[in-house]
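Structure, as structure tokens:
All values reported here derive from a predicted model rather than from experimental measurement.
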Amino acid sequence: MFRPFRFAVNMLTSGTAAEWREKCRRAEALGYDVILVPDHLGMPAPFPALVAAAEATERPRLGTFVLNAGFYNPALLARDVAATDQLTGGRLELGLGTGYVKDEHDRAGLPFGTPRERVDHLERTVTELGRLLADPGHTPRAGQFPHVPLLLGGNGNRVLRLTARHADTAAFTGATADAGGNLSLITPDALEERVAAYRGFAADRETPAELNYLVQMVLPGKDRRAIVRDLAPKSLGLSEDDLLNHPALLTGTVRDMAEQILAHRERYGFTYFTVLDPALEAFAPVMEELRGA
């Protein structure tokens, strides 16, 4: 049995206070289950944006997608998580990752470190954050005491093992990052292998985690093959068939895209899909098509 579908929009831009409130209200009206914010320099500051989103909406959950653990001290992060969860009425879902853009760390005056060091810091952050938030004496106290739902994002074995031990949601990008933070998609087969690796690490869990996938592009149109034909030369070795079958890309009619989501649920087990805010309107009919599926 699969979990019910959940659909989220990751808000890359904010604008004025009025524009932000209207954008969040529009996401709620369109039926999105979760409003998310990323954690990159030059994009909305996650915690203030989520508090403002809570004031503008009533139903959606609110999350970080995902916080760059390298930006944070665990004790200060625990304070901000607990306060934000209070101020959002217990609607917060905390997403964490290692971070992958060296330039952002350089601009912030923070060490980037090696991949091993970044995973070490993520592990320390997850462990300490869980301890602090579950402490009855910790102030402020999260609205969802003793556990704010945790999403961890990543594809490497160490992060997948950490996710299997601690996370309520496992998030997959289906991509790798170079030293400059530029993402390249892996093949659908390689993504399937990563999901299978996670399932192996999580085999002893009593309650399976929810599996999330970040959709990079939503491109409506009648001819799916023609759409991906234009993208294939920029896809670093992925074939047209890879792109047609990749969950990072939804193409075609509303029904086409709904069928792709169903196929990705069947193949990978993904039931929680995130789109980027440029696709806010285009993806809404697909969600409607899938309600109750």
Can you tell me how far the [atom1] atom of [X] sits from the [atom2] atom of [Y], to the nearest 0.5 Å?
X      : Y      : atom1 : atom2 : answer
Thr169 : Phe65  : OG1   : CZ    : 9.5 Å
Lys222 : Thr253 : NZ    : OG1   : 10.0 Å
Asp189 : Asp242 : CG    : CG    : 7.5 Å
Phe47  : Arg79  : CZ    : CZ    : 10.0 Å
Glu289 : Leu262 : CD    : CG    : 9.0 Å
Leu219 : Leu231 : CG    : CG    : 6.0 Å

Would you check, one step at a time, whether the test side chain to side chain contact (heavy atoms under 4.5 Å, CB included) holds for Val81 with Leu92?
CA-CA 8 Å; Val81 168; Leu92 180 65; 3.9 Å; yes

Heavy-atom distance under 4.5 Å between the side chains of [X] and [Y], does that happen here?
X      : Y      : result
Glu93  : Asp168 : no
Val228 : Leu249 : yes
Tyr213 : Val195 : no
Leu211 : Arg3   : no
Leu280 : Val275 : no
Gln216 : Leu276 : yes

With side chain to side chain donor-acceptor pair (under 3.5 Å) as the test, would you mind laying out the steps for Asp39 and Tyr72 before giving the verdict?
CA-CA 11 Å; Asp39 189 21; Tyr72 298 93; 3.3 Å; yes

Without swapping roles, check the side chain of [X] against the backbone of [Y] for a donor-acceptor pair under 3.5 Å.
X      : Y      : result
Trp20  : Ala49  : yes
Glu117 : Thr114 : yes
Gln144 : Asp85  : no
His40  : Leu12  : no
Thr64  : Gly95  : yes
Lys102 : Gly113 : no
Arg205 : Arg165 : no
Asn155 : Ala175 : yes

NZ/NE/NH1/NH2 to OD/OE distance under 4.0 Å, [X] and [Y]:
X      : Y      : result
Arg225 : Asp241 : yes
Glu128 : Arg131 : yes
Arg107 : Asp103 : yes
Asp223 : Arg229 : no

Minimum-distance pair of heavy atoms, taken over all atoms of [X] and [Y]:
X      : Y      : value
Arg59  : Asp33  : NH1-CA, 3.8 Å
Arg61  : Pro149 : NH2-CG, 3.6 Å
Arg91  : Ala54  : NH1-O, 3.4 Å
Pro247 : Phe270 : CG-CE1, 4.3 Å
Ala53  : Cys24  : CB-SG, 3.6 Å

Given the ring of Tyr272, does Arg6 sit roughly above its face, with NZ or CZ under 6.0 Å from the centre of the six-membered ring and within 45° of the axis?
yes

Cation-pi check, Arg118 onto Phe112 ring (under 6.0 Å, within 45° of axis):
yes

Around atom [atom1] of [X], are there more than 12 heavy atoms of other residues, nucleotides or ligands at under 6.0 Å?
X      : atom1 : value
Glu192 : CD    : yes
Asp204 : CG    : no
Arg291 : CZ    : yes

Would Asn245 and His264 satisfy side chain to side chain donor-acceptor pair (under 3.5 Å), going step by step from the backbone distance to the final call?
CA-CA 9 Å; Asn245 292 303; His264 301 326; over 6 Å; no

Please answer: with hydrophobic residues joined when any side-chain heavy atoms are less than 4.5 Å apart, are [X] and [Y] in the same cluster?
X      : Y      : value
Phe283 : Val34  : no
Leu150 : Phe172 : yes
Leu62  : Leu133 : yes
Ile35  : Val51  : no
Phe7   : Val66  : no

Audit row: His166, Glu123, side chain to side chain contact (heavy atoms under 4.5 Å, CB included) steps and yes/no:
CA-CA 10 Å; His166 296 283; Glu123 186 163 11; 5.8 Å; no

So Arg265 and Ile261, side chain to side chain contact (heavy atoms under 4.5 Å, CB included) or not? Walk me through it.
CA-CA 6 Å; Arg265 180 177 68 176; Ile261 293 286; 5.7 Å; no

Decide side chain to side chain donor-acceptor pair (under 3.5 Å) for Lys23 and Ser14; before the verdict, give the C-alpha distance in whole Å, the side-chain angles of both, and the deciding distance to 0.1 Å.
CA-CA 8 Å; Lys23 193 173 183 180; Ser14 56; over 6 Å; no

Step-by-step ring-ring contact (aromatic ring centres under 6.0 Å, His included) determination, Phe71 to His105
CA-CA 8 Å; Phe71 287 172; His105 289 73; 5.3 Å; yes

Between Thr251 and Arg224, is a side chain to side chain donor-acceptor pair (under 3.5 Å) present by the stated rule, with each step listed?
CA-CA 6 Å; Thr251 57; Arg224 298 187 64 224; 2.7 Å; yes

